[in-house]
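Structure first, then comments.
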Amino acid sequence: MGKRRGGRELLRGLSKKQRKHLREFGEEHPFHDKVPGRPEATQVCELSDSSDKSSAESDSETEVEQVSVYHKLLATLKTSPESESEEEEEEDESEPEAEESETEMDSEGSQESREADGGGEDQNDVPEQEEATDTAEQTPSQQQADGIDTSCDPGHGVVEEFTDVKHESEFSLETNFMEEESGDCNADKRDGSSSQAFSEDPFKQHMDKELEEKDVEKMSTLPKTSSQSQWPRLGQVTFSSTLEKPKALKADKEVDVKQLYLHKPLESTWPKVNKQFLSSVNKPSDAFFTPLQRELFCIMNTYRDLFYPERNALTNGEEIRHAYCLHALNHVLKANSQVLSNNAKKRNQKPGADNDDHRDQGLTRPKHLMKHVNLLPLDSHGVDFSRVRMLNLNNWCRYYRQTLLFSALQDPQVNSVFNKHCFNYMGQVAVRNVPLSGSISRVVVQLPHVFRRLEAESLTSVIDTRFQFFIDKVLPEYRDAIMSHTLIYVPSYFDYVRLRNYFKKEELNFTHICEYTKKAGVCRARRFFLKGEKQFLLFTERFHFYKRYTIKGIRNLIFYELPTYSHFYSEICNMMKATGNGGDATWTCTVLYSKYDAQKLAAVVGIERAAQMLQSKKNVHLFVTGESE
């Protein structure tokens with residue numbers, strides 16, 4: 001208690017600036033520390049020319065440590081003129097009462113060492129006049145003895161960035177990550193001459209190709225031609241292109257590291273990073289990639305667009321992420337090396353020489369990638385147009401952009417993005433494996449499944465068409481008292497709100513559960529539905545996705561739309577098993593679908609049955625599942 005009371009008393013004398021520093025950095029600024037045996041107005045270190053040590057050493061050890069910490073911090077930070085002006089304005093403001101306590105700050109002596117590492121304060125927190133007095137009255141030899149780096153001091157004019165000379169060579173891009181354009185660093189590991197090997201690099205081939213107006217016109221008007229091939233791990237792979245007839249790639253059985261054209265540091269670091277995914281029984285030739293990574297990287301390294309719809313967060317998610325991160329890093333390092341190499345060439349270039357071979361940059365770096373990708377900026381942003389690639393100036397970036405899409409399912413929205421917004425002149429590659437059986441085969445209860453097709457004129461009108469079809473054709477069949485315990489599965493939250501409002505308007509006996517329903521509301525709705533007090537239960541897909549409750553009491557099941565994830569279909573149907581065997585004969589299941597649900601339908605019933613159901617003249621199809629089938 002005494003320590004806390006003493007801490008509050010100390011805070012009463014702090015200024016607003018001192019309290020601000022205390023809140024932001026967890027301790028008081030060393031400049032404002034009260035040093036015993038020294039005047040408080042100024043803190044000037046007077047040294048003789050023959051002395052190698054600061055006069056501060058005559059004081060206590062704590063005093064020497066705090067002064068040196070402050071000077072070390074000055075040597076590691078960089079000052080901006082804007083921040084100085086802001087601090088000067090704050091000096092003129094009034095100083096209210098103290099707001100926080102200093103008790104916790106005094107309990108740990110490690111705060112000063114953390115501040116010395118540059119993790120705490122900004123040197124601009126020191127008043128400008130006092131800071132100048134602290135350093136300007138010392139000779140250069142005295143400043144060096146105190147450990148002051150005057151290159152970072154705003155009182156010395158030019159402000160320079162701190163450089164760690166000791167470790168600079170270990171992290172220098174010029175010395176470690178830069179590969180000369182002549183390809184000398186690759187000459188010892190690739191067959192043929194260095195220039196020929198460098199020209200075979202997929203990065204150079206993709207970025208150095210110059211499209212013509214007729215090529216852009218073809219990609220904008222002509223349809224794509226496609227071909228298919230079967231890969232060992234990916235399965236059915238579709239190649240499509242506009243400029244030329246697509247040549248189906250073949251999966252490499254073994255990895256030749258030399259033909260991957262990886263940047264210098266990646267060849268040594270990648271095997272260590274990827275070791276966790278490699279099996280101990282792998283052959284020495286397979287010690288670089290897993291079979292899935294090998295085939296994915298083979299496609300990505302050709303700079304074609306890629307769509308892989310079989311990513312699973314629990315099984316192959318991290319394995320895939322490592323593969324595309326390797327490709328992205330390889331691209332970034334090569335692009336950076338090209339910029340550094342051209343910088344060196346321009347420095348050695350004769351004055352007045354005009355060279356157009358140094359175009360290696362874009363117009364700007366967008367902050368929001370997905371919203372501003374491949375759009376021309378409204379401002380030049382001080383760009384050097386002599387270094388901008390011609391493809392950027394021609395607004396042809398979209399034809400050089402490589403898009404990699406990874407999804408857990410064949411979704412129409414994702415397919416639309418890939419088909420309508422990927423314009424890579426190298427072409428597109430998509431994995432298109434079709435399900436043969438479907439998730440309906442995993443339904444274990446004996447249940448009749450009635451699939452009812454609705455006709456819609458367009459994709460935008462199918463939402464309203466489905467709602468009218470449901471309230472006009474389906475719902476009247478379930479209003480009878482004998483059709484109680486009816487669960488309506490709704491994938492879209494917007495459709496759920498629309499149905500909920502309609503049920504309220506018609507005063508139907510129903511309850512509802514969505515992803516925003518509180519736990520008490522969920523328990524109440526489940527109890528009402530199980531006991532039959534509520535005839536209908538509106539149930540959203542997102543609630544099932546996040547919660548996975550088992551809903552008991554289901555006797556009649558309506559899929560307002562096919563589930564987004566095919567295995568949800570069998571999971572919801574198998575909930576009927578929790579009800580018991582008393583009402584097996586009265587169980588029903590109704591599913592609504594349209595021709596725009598082809599992929600979802602194939603994932604539930606299989607590709608062959610889905611094709612028949614979409615092409616058939618009949619609008620109603622019946623399937624029966626169960627152990628007795």
**Prompt:** Hey, does Ile463 have a side-chain heavy atom less than 4.5 Å from the side chain of Arg498?
**Reply:** yes
**Prompt:** Is the closest side-chain heavy-atom distance between Arg609 and Leu601 below 4.5 Å?
**Reply:** no
**Prompt:** Is there side-chain contact between Ser461 and Asp464, with heavy atoms separated by less than 4.5 Å?
**Reply:** no
**Message:** Between Asp215 and Tyr425, is there a side-chain heavy-atom distance shorter than 4.5 Å?
**Reply:** no
**Request:** Kindly assign one of parallel, tilted or perpendicular to the pair Phe539 and Phe543, based on the angle between their ring planes and the thresholds 30° and 60°.
**Result:** perpendicular
**Request:** Begin with the C-alpha distance, continue with both residues' side-chain angles, and end with the deciding distance and a verdict on side chain to side chain contact (heavy atoms under 4.5 Å, CB included) for Arg432 and Phe307.
**Result:** CA-CA 9 Å; Arg432 304 289 189 187; Phe307 175 40; 3.7 Å; yes
**Over-ring placement of Arg304 relative to Phe239, 6.0 Å and 45° cut-offs** = no
**Candidates Arg387, Lys204, Lys334, Arg389 - the one meeting salt bridge (Lys or Arg N to Asp or Glu O under 4.0 Å) with Asp360** = Arg387
**Prompt:** Hey, does Gln612 have a side-chain heavy atom less than 4.5 Å from the side chain of His621?
**Reply:** no
**Request:** Apply the test side chain to side chain contact (heavy atoms under 4.5 Å, CB included) to residues Phe470 and Leu499: give CA-CA distance (whole Å), side-chain angles for both, the deciding distance (0.1 Å), then the verdict.
**Result:** CA-CA 10 Å; Phe470 175 78; Leu499 290 174; 3.8 Å; yes
**Message:** Using the rule given for side chain to side chain contact (heavy atoms under 4.5 Å, CB included), can you reason through Leu333 versus Asn336, listing the C-alpha separation, both sets of side-chain angles and the distance that settles it, and then say yes or no?
**Reply:** CA-CA 5 Å; Leu333 290 177; Asn336 182 76; 5.5 Å; no
**Fill in**
Exactly one candidate in Arg442, Lys600, His449 meets side chain to side chain donor-acceptor pair (under 3.5 Å) with Tyr569; the answer is His449
**Request:** Just say parallel, tilted or perpendicular for the rings of Phe568 and Phe545, cut-offs at 30° and 60°.
**Result:** perpendicular
**Asked** Does Thr290 reach the main-chain N or O of Gln293 with its side chain, forming a donor-acceptor pair under 3.5 Å?
**Response** yes
**Request:** Look at the rings of Phe623 and Phe451 and say which category their plane angle falls in: under 30° parallel, 30 to 60° tilted, over 60° perpendicular.
**Result:** perpendicular
**Message:** Quick one, Tyr489 and Ile558 - any side-chain contact, counting heavy atoms below 4.5 Å?
**Reply:** no
**Message:** Classify the ring geometry of Trp270 against Phe289: parallel below 30°, tilted from 30° to 60°, perpendicular beyond 60°.
**Reply:** tilted
**Prompt:** Is it the case that Arg311 places NZ or CZ above or below the six-membered ring of Phe406, under 6.0 angstrom from the centre and within 45 degrees of the axis?
**Reply:** no
**Asked** Judged by atom type as modelled, is there a donor-acceptor pair below 3.5 Å linking the side chain of Asn419 to the main-chain atoms of Asn415?
**Response** yes
**Prompt:** Under a 4.0 Å N-O cut-off, is there an ion pair linking Arg321 with Glu318?
**Reply:** yes
